[in-house]
Amino acid sequence: MSEKYGCECDMEINEGWIIMREKKIYILLTDTGTLFTKLIKLFTKKPYNHASISFDCELSEVYSFGRKTAKNPFIGGFVKEDVKRGLFKQADCIIYSYTVTEVEKKKMRNCINEIEKQKGEYRYNFIGLFGVMFNKPMRRKKAFFCSQFVASVLKECDSIYFEKPLSLISPDDLQQLSTLHFVYEGELAGYHKNKEELRVPARLIPA
């Protein structure tokens, strides 16, 4: 797959200086090529069918709902994903960023932290996948599928609005959010290899 990049940053002008700042979260959509993913793709006809959320551009802190073991897709729940290893090593991906305030970012972190504290009580919402297929919301207590989880975290931002119930949000629905900014598309391993070139550190540039 060819690689494509996008670049964006937030700017403010202070006493003649342009201050570059980043307050972003990242949406990672992947295709790991597993049998389970291929089955989902048969229905969705979309290239990316797993969604995760990260708080840094290096994707060192990535969260989702998915398989807890590489060998068994039916044992799932809340996961902190290592996207440099395992099933992600050969994955294709598309990455978006979303600019947030400090308050919004804190609210999203708190949301994830609360789930992580009780991760043993949370389950993967397999039944909810059938709800998406038949466009019938199926809400379950303490259960999410990947894009439902990401949408629930994004909902902590007052500036994001979903036109359908969160239990019907697919990875493609996340991709269609007009407020997201394209960052990269290609092999996930290629993104890690070139992340030093993609990173825009905070710096001062004369106006």
Side-chain angles (χ1 to χ4, degrees), residues 1-6 8 24-55 57 59 62-67 73-74 76-79 81 83 87-88 90-100 104 108 111-112 115 123-140 143-191:
M1 173 181 276
S2 61
E3 297 178 354
K4 293 183 286 185
Y5 294 83
E8 76 292 323
K24 300 181 185 298
I25 55 95
Y26 294 83
I27 305 302
L28 170 66
L29 306 180
T30 51
D31 174 15
T32 57
T34 63
L35 177 60
F36 187 63
T37 297
K38 289 177 180 177
L39 289 173
I40 295 176
K41 189 184 288 189
L42 284 175
F43 169 75
T44 65
K45 311 297 184 186
K46 303 297 181 181
Y48 305 107
N49 291 284
H50 181 65
S52 312
I53 187 168
S54 177
F55 291 109
C57 65
L59 305 182
V62 181
Y63 302 95
S64 188
F65 267 66
R67 64 174 74 199
F74 299 104
F78 174 80
V79 287
E81 297 174 326
V83 294
L87 299 175
F88 291 100
Q90 306 298 324
D92 292 324
C93 74
I94 190 166
I95 301 171
Y96 295 93
S97 69
Y98 182 71
T99 304
V100 296
E104 289 174 328
M108 286 188 285
C111 175
I112 291 176
I115 293 175
R123 299 290 181 266
Y124 189 88
N125 189 9
F126 285 106
I127 295 177
L129 295 179
F130 291 99
V132 174
M133 293 173 63
F134 297 105
N135 198 34
K136 297 291 184 182
M138 293 186 180
R139 296 185 60 184
R140 296 179 60 205
F144 294 96
F145 50 83
C146 63
S147 49
Q148 179 187 16
F149 165 74
V150 172
S152 297
V153 177
L154 289 176
K155 198 73 168 72
E156 296 295 319
C157 292
D158 296 330
S159 54
I160 288 184
Y161 173 74
F162 292 101
E163 296 182 351
K164 60 173 73 173
L166 300 184
S167 57
L168 291 181
I169 297 295
S170 69
D172 185 64
D173 290 320
L174 296 174
Q175 192 171 357
Q176 300 308 315
L177 288 172
S178 61
T179 48
L180 298 185
H181 299 281
F182 171 77
V183 173
Y184 171 86
E185 183 173 20
E187 295 180 354
L188 183 53
Y191 176 79

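Quick caveat: nothing in here was measured; it's all calculated off a predicted structure.
Between the OH atom of Tyr48 and the CD atom of Gln175 there is a distance of 7.5 Å, given to the nearest 0.5 Å. Here Phe145 contributes atom CZ and Ser167 contributes atom OG; the two are 6.5 Å apart, rounded to the nearest 0.5 Å.
Inter-residue side-chain proximity for Ile115 and Val153 is flagged as unmet; no heavy-atom pair is nearer than 4.5 Å. The closest side-chain heavy-atom distance from Thr44 to Asp172 is not below 4.5 Å. Side-chain contact between Phe55 and Ile25 is present, with at least one heavy-atom pair separated by less than 4.5 Å. Contact of the Tyr124 side chain with the Pro73 side chain is not registered, since no non-hydrogen atoms from C-beta on lie closer than 4.5 Å.
In this structure, Phe149 and Phe78 have perpendicular ring planes: the angle between them is above 60°, well past the 30° mark.
In this structure, the salt bridge (charged side-chain N to carboxylate O under 4.0 Å, His left out) partners of Lys164, at least two apart in sequence or on a different chain, are Asp173.
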Just list the side-chain donor-acceptor pairs under 3.5 Å for residues 32-41, sequence neighbours left out, or say none.
| unit_1 | atom_1 | unit_2 | atom_2 | d |
| --- | --- | --- | --- | --- |
| Thr32 | OG1 | Thr37 | OG1 | 3.2 |
| Thr34 | OG1 | Thr37 | N | 3.2 |
| Thr34 | OG1 | Thr37 | OG1 | 2.9 |
| Lys41 | NZ | Asp31 | OD2 | 2.7 |

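Contacts classified as side chain to side chain donor-acceptor pair (under 3.5 Å) and involving residues 148-158 (residues at least two apart or in different chains) are given here: Asn125-Gln148.
For Leu174 against Ala51, the heavy-atom pair with the smallest separation is CD1-CB, 3.7 Å.
More than 12 heavy atoms of other residues, nucleotides or ligands lie within 6.0 Å of CD in Gln176, so this atom counts as buried by the packing criterion.
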